[in-house]
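Below, chains carry the letters A, B, ... as their sequence lines are ordered, and counting in each starts from 1.
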Amino acid sequence: MATAHEIRGMGHSVPRKEDQRFIRGKGNYVDDVSLPGMLHMELLRSPYAHARIVVIDASRAQALPGVVAVVTGEALAAHNLAWMPTLSGDTQAVLATDKVRFQGQEVAAVIAETAYIAKDALELIDVEYDVLDAVPTPQQALAEGAPVIRDDKEGQTSNHIYHWEAGDREATERAFAEADKVVSLDTFYPRCHPAPLECCGCVADVNPATGKTTIYMTSQAPHAHRTLFALVAGLPEHQIRIVSPDLGGGFGNKVPIYPGYVCATAASLLIGRPVKWIEDRTGNLISTGFARDFHMHGELALRGDRMTGLKVKLLSDNGAFFADAQPTKFKAGLFHIVTGSYDIPAAFVEADGAYTNKAPGGVAYRCSFRVTEASFMIERLVQNAAYELGVDPADLRMKNFIKPEQFPYESATGFVYDSGDYPKALELALGKLGYKELRKEQAEARAQGKLIGIGLACFTEVVGAGPGKEYQIAGLRMFDSAELRVHPTGKAILKLGVKSQGQGHETTFAQIIAQELGIPYEDVEVMEGDTDNTPYGLGTYASRSTPVAGAAAAMISRELRDKAQKIAAHLLEAAEGDLEWEPGRFVVKGSPERAVTIQDIAFAAYTNVPDGLQAGLEGVHYYDPPNMTFPFGTYAVVVEIDRGTGAWKVRRVVAVDDCGYRINPMIVEGQIMGGLTEGYGIAAMELITFDEDGNCIGSTFMDYLLPTAWETPEFELDETVTPSPHHPLGAKGVGESATVGSPAAYVNAVVDALAHAGVRNIDMPVTSDKVWQALAEVGLAE
Amino acid sequence: MATQEAVVTRPMTVTVNGQARFAEVETRLLLVHFLRETLGLTGTHIGCDTTSCGACTVLLEGTPVKSCTVFAVQAEGRQITTVEGLMSNGALHPIQQGFHEEHALQCGFCTPGMMLTSVALLAENPSPTDEQIRWAISGNVCRCTGYQNIVKAVQHAAAKLREET
Amino acid sequence: MYPASFEYFAPSSLDEAVEVLERFGGDAKVLAGGQSLIPAMKLRVTAPRALVDINRIDGLDGLVERGGGLCIGALVRHKTCERSELLRGRYSVLGDAAPQISDPIVRNLGTVCGSLAHADPQGDWGAALLAIGADVVIRGPQGERTVALDDFLQGPFATALESSEVITKVQVRAPGARAGGTYLKLERKVGDFATAGVAVHVSLDNGSIARAGIAFTGVGPRNARAAEAEQALAGAEPTEEAIVAAAQLAAGAADPWDDHRGTVEYKRNVVRVFTERGLRTAVAAARGA
């Protein structure tokens with residue numbers, strides 16, 4: 001049901017309500033928070049990847065005027081706070097006690113009157129280290145005789161963390177035995193980092209006078225964090241208030257609990273004053289939740305041009321602590337979506353995780369819980385399969401797509417895809433691209449020594465975690481919530497358990513209410529992030545806000561609409577069943593002049609409520625999604641390669657996305673363009689790497705490269721709409737689609753330019769030197 | 001390297017958003033901290049440690065500078081414009097209007113610096129091409145938008161400003 | 001990191017500036033653009049006890065023609081060079097280099113002379129000015145002296161500048177009546193240092209090359225010229241063969257290192273390709289000059 005411009009429900013490209021404070025420079029980010037008496041905390045980080053701590057002497061630091069306290073692991077250990085649980089059931093050091101296990105690990109915290117003094121004091125802390133051999137790769141970690149990194153864990157005799165499987169090994173082996181072609185690919189999805197422009201931080205205020213702890217915190221999941229703080233720090237949960245104010249980007253970087261938060265809170269507790277900790281960019285890149293770092297071996301079995309089996313063996317580099325932020329039972333996240341958009345009857349995934357002397361993490365950076373890795377694997381493998389078979393990469397995909405009539409589709413690894421029309425998206429993309437003409441142009445150019453490449457990626461995402469039985473993090477089921485209150489004057493306030501980091505919730509969720517209740521979107525205030533006055537939710541990441549909290553918002557709106565109908569019947573002196581709903585009003589069937597608006601009804605809810613009905617027009621809904629949602633699309637990238645330098649330029653990007661019904665098309669497109677840019681950065685330049693001593697390269701923006709407006713290509717966007725049959729709004733979520741789907745499109749484009757000469761892989765980041773190397777190896781370099 | 005323990009301060013006078021401000025500051029105080037902490041103008045943001053991201057961009061005598069790489073004392077006697085100074089007489093600057101109407105911001109963290117760089121560009125070049133805009137803002141990193149709508153926003157503002165003059 | 005503390009001076013004359021530098025005996029640094037100095041101070045790789053801010057000194061910001069060449073004052077910003085009409089045509093090696101330095105905001109404050117004083121082997125101005133030919137004018141307690149840029153740049157972050165001296169200007173030599181040039185820089189993104197940069201300047205005499213200047217960024221311990229390649233071109237006809245041969249020599253003269261931007265072999269090839277392309281462009285520009 002479309003809504004008028006005055007209401008602007010779903011489908012309207014409403015300019016954002018939240019913009020007003022940001023364009024005035026009046027955003028309220030954590031570093032903008034200032035409390036009376038506030039102190040500043042800085043962290044001392046380990047220069048070594050692996051070393052025993054012999055002694056820490058903080059006396060010179062403590063003597064510096066303005067320094068209030070220096071906290072070490074030893075001091076925290078006395079309060080049982082030196083170690084904390086991770087979101088993956090492991091433990092992580094808050095401040096190192098026995099050993100440091102990655103370069104950049106937190107070793108001590110200085111609390112001082114100003115940040116400058118705190119930073120000065122860091123130089124005055126003397127730490128004696130006994131340097132140990134570093135184990136910087138998972139292969140080394142799992143080799144015989146490797147030093148045990150987690151010797152803090154009782155019974156830990158190796159660096160192996162987990163082994164995890166999905167799918168049917170036997171059926172898959174049979175498929176491979178019967179195949180007439182097997183295409184394999186070894187590819188490394190390197191370590192990259194969400195690098196939101198705002199670093200992580202908090203202002204922790206353990207107030208001795210009120211007994212209340214307030215933590216302003218860069219948190220994508222404030223309620224979960226509150227519960228975890230209560231459990232870890234032993235503070236009573238009802239006296240903890242987490243406030244996640246404006247966030248300068250998240251992309252999954254602000255989901256884990258970092259040592260800095262715990263140190264700042266402990267410091268505030270011990271000192272009795274608020275403590276602010278804002279990490280610097282080096283701290284952010286060297287220690288917070290990185291992304292990817294998957295070594296993957298994939299094989300695709302084919303009979304003719306039909307895919308019959310897929311197997312993937314992967315090795316995950318999880319760093320020094322297993323701290324992946326993902327639903328607990330899925331050790332490799334949702335990687336087993338790896339059959340992607342294709343009807344592959346048999347598939348098997350086996351994953352092993354290893355500790356290394358690097359920062360902990362892996363699940364982050366708009367990955368939908370490792371769908372980035374899976375999507376990359378399948379789309380690269382399918383592209384290569386086309387080359388091996390001598391068929392067009394678009395044709396091979398089209399032939400093997402799950403067909404529209406097969407939905408809901410149960411995949412070989414147990415996902416039930418809700419809806420999709422993959423051929424439609426691919427055709428639309430190819431049409432926009434002028435694919436056939438481009439292939440001709442490519443051939444002609446090749447004859448003239450010019451290299452053009454066309455890359456495709458036809459991805460299927462799985463988001464919206466998730467059904468509570470399967471999807472839990474730290475034991476908390478992954479429902480989400482919406483609390484709606486309609487005031488007597490017909491305005492409303494919607495409170496959510498999710499937390500935007502720029503995705504526009506204050507606008508899009510208001511539009512959901514506008515759609516469902518006909519209250520103009522500007523009359524709906526949306527609140528998130530403050531655990532004192534929002535309902536419990538699991539937060540925003542893995543594109544779950546629209547699928548889960550969006551559904552909750554729709555459901556509570558409908559519950560209130562049911563109550564509104566009763567009040568309307570009372571006001572109109574009609575039977576409930578004689579009333580019809582139009583956006584914003586109930587009308588008596590056949591008597592259009594007998595109607596009441598939602599505003600009339602809201603007023604009546606407080607002034608003229610029928611007997612037997614409670615006053616008020618408010619309620620809360622906790623939504624347990626029945627399934628995940630499956631956004632999809634086709635991305636097509638055209639590149640040109642400079643044979644003298646290996647540098648590649650993106651000539652075109654065509655992106656067709658299907659996320660079901662779009663609440664705010666303008667915001668959806670913004671999410672897609674942002675993701676296509678991150679995908680480009682990941683494909684072309686973003687890398688955190690380590691030398692053999694575990695020294696981190698990529699801990700500043702001089703080494704961790706982010707694309708500027710100059711490198712970033714222009715995007716041509718289009719859409720298909722295949723609603724989710726189980727979502728109340730038919731919407732699927734879209735925040736991560738482009739980061740998931742596009743890296744393979746960019747890489748496939750570069751490989752496509754060289755495939756005729758036999759090139760099948762260049763690992764990301766596909767930098768110009770690697771391209772030139774590939775050119776040189778096949779005699780195509782200038 | 002031994003820490004310098006002597007604290008060296010200096011009085012300074014600077015005009016910020018048209019208002020004269022006086023303070024006694026450490027010589028080593030970075031301009032961005034002066035603006036944020038001393039003056040409480042938190043619209044200017046910090047995104048990195050290596051002069052790489054442009055989130056801290058302000059206008060010094062109308063010219064974009066990275067305020068994390070300027071000492072406050074260098075601005076003695078000069079005019080600074082921050083994002084808080086873009087509005088006039090309660091009305092949004094066309095660049096602010098453009099960013100809003102073209103959806104050129106998501107998390108808002110790069111936005112102040114991005115807008116100020118754009119304002120300086122349009123003062124110098126009232127009719128830039130899209131390419132010239134991308135070139136001019138290539139010192140301001142954005143992680144959210146993919147820049148395409150930012151380019152549209154600057155064009156939107158350029159058209160408005162050309163209309164007004 | 002935040003910088004360590006320092007005393008701050010903002011003199012209004014060069015004499016005052018030199019006096020302070022001398023007083024601090026090597027523990028004071030000149031602050032012009034600050035776009036290399038301040039980041040280094042924030043990382044605490046340098047912690048001078050005093051800064052001498054020369055931005056208040058009049059007469060240092062001139063970019064003018066003088067004596068057949070150009071004079072670039074100590075406070076001339078990269079951005080001024082990017083916008084200047086003077087740096088086109090015969091001086092286009094300089095005009096092409098200017099917009100490729102760092103990023104547009106840093107270019108607003110960073111200075112040409114500051115870049116030379118900093119002597120980062122990945123600095124762009126060193127290569128461009130070596131290719132066209134330049135001399136650095138220095139003021140110290142003993143007065144003024146002039147040093148050829150080839151002698152001024154001595155190694156990574158090392159120059160002929162004494163601790164109590166300040167560069168007042170760089171003098172670009174006469175480029176030649178029919179001359180042109182360009183600067184080609186491969187960088188991973190705007191703002192990154194060069195993977196490799198090649199500056200080429202050619203002046204023609206009766207159709208053949210009177211002088212060729214070829215200099216590098218990022219492929220050696222300092223900006224340096226490809227002397228052998230230049231000599232091979234001196235007096236030669238600018239044919240395709242001559243250009244290709246010179247580019248080979250230039251690649252051989254580069255001294256790159258393996259790093260995340262590429263291998264030695266890769267960077268040498270970029271030098272070769274850029275020298276070829278740069279020479280073609282420079283010759284065409286000189287012909288049209």
Atom CD of C:Glu228: over 12 foreign heavy atoms under 6.0 Å | no
Assert top hit (heavy-atom pairs under 4.5 Å, partner chain C, pool A:Ala776, A:Ala709, A:Ala115) equals A:Ala115
Side-chain donor or acceptor of C:Asn269 paired with backbone N/O of A:Glu782 under 3.5 Å | yes
Any chance you could measure A:Trp772, atom CH2, to C:Leu186, atom CG, to the nearest 0.5 Å?
-> 12.5 Å
Toward chain C, the part of A:Thr689 with a non-hydrogen atom under 4.5 Å | side chain
Verdict with reasoning, A:Glu711 to C:Arg188, per salt bridge (Lys or Arg N to Asp or Glu O under 4.0 Å) | CA-CA 9 Å; A:Glu711 296 84 42; C:Arg188 297 177 295 178; over 6 Å; no
Salt-bridge test for A:Asp280 and C:Lys42: reply yes if a basic N is under 4.0 Å from a carboxylate O, no otherwise.
-> no
Would you please test C:Arg261 and A:Asp769 for side chain to side chain contact (heavy atoms under 4.5 Å, CB included) and show each step?
-> CA-CA 7 Å; C:Arg261 296 186 179 88; A:Asp769 58 305; over 6 Å; no
Keeping the roles fixed (side chain from C:Tyr266, backbone from A:Thr645), state whether a donor-acceptor pair exists under 3.5 Å.
-> yes
Mind checking the CE-CG spacing from A:Met702 to C:Leu43? Nearest 0.5 Å is all I need.
-> 8.0 Å
Do other residues, nucleotides or ligands put more than 12 heavy atoms under 6.0 Å from the OH atom of A:Tyr365?
-> yes
Pick from A:Thr767, A:Leu706, A:Asp703: which one has the most heavy-atom pairs with chain C under 4.5 Å?
-> A:Leu706
Starting at CG of C:Asp192, measure out to CG of A:Leu705 and round the result to the nearest 0.5 Å.
-> 5.5 Å
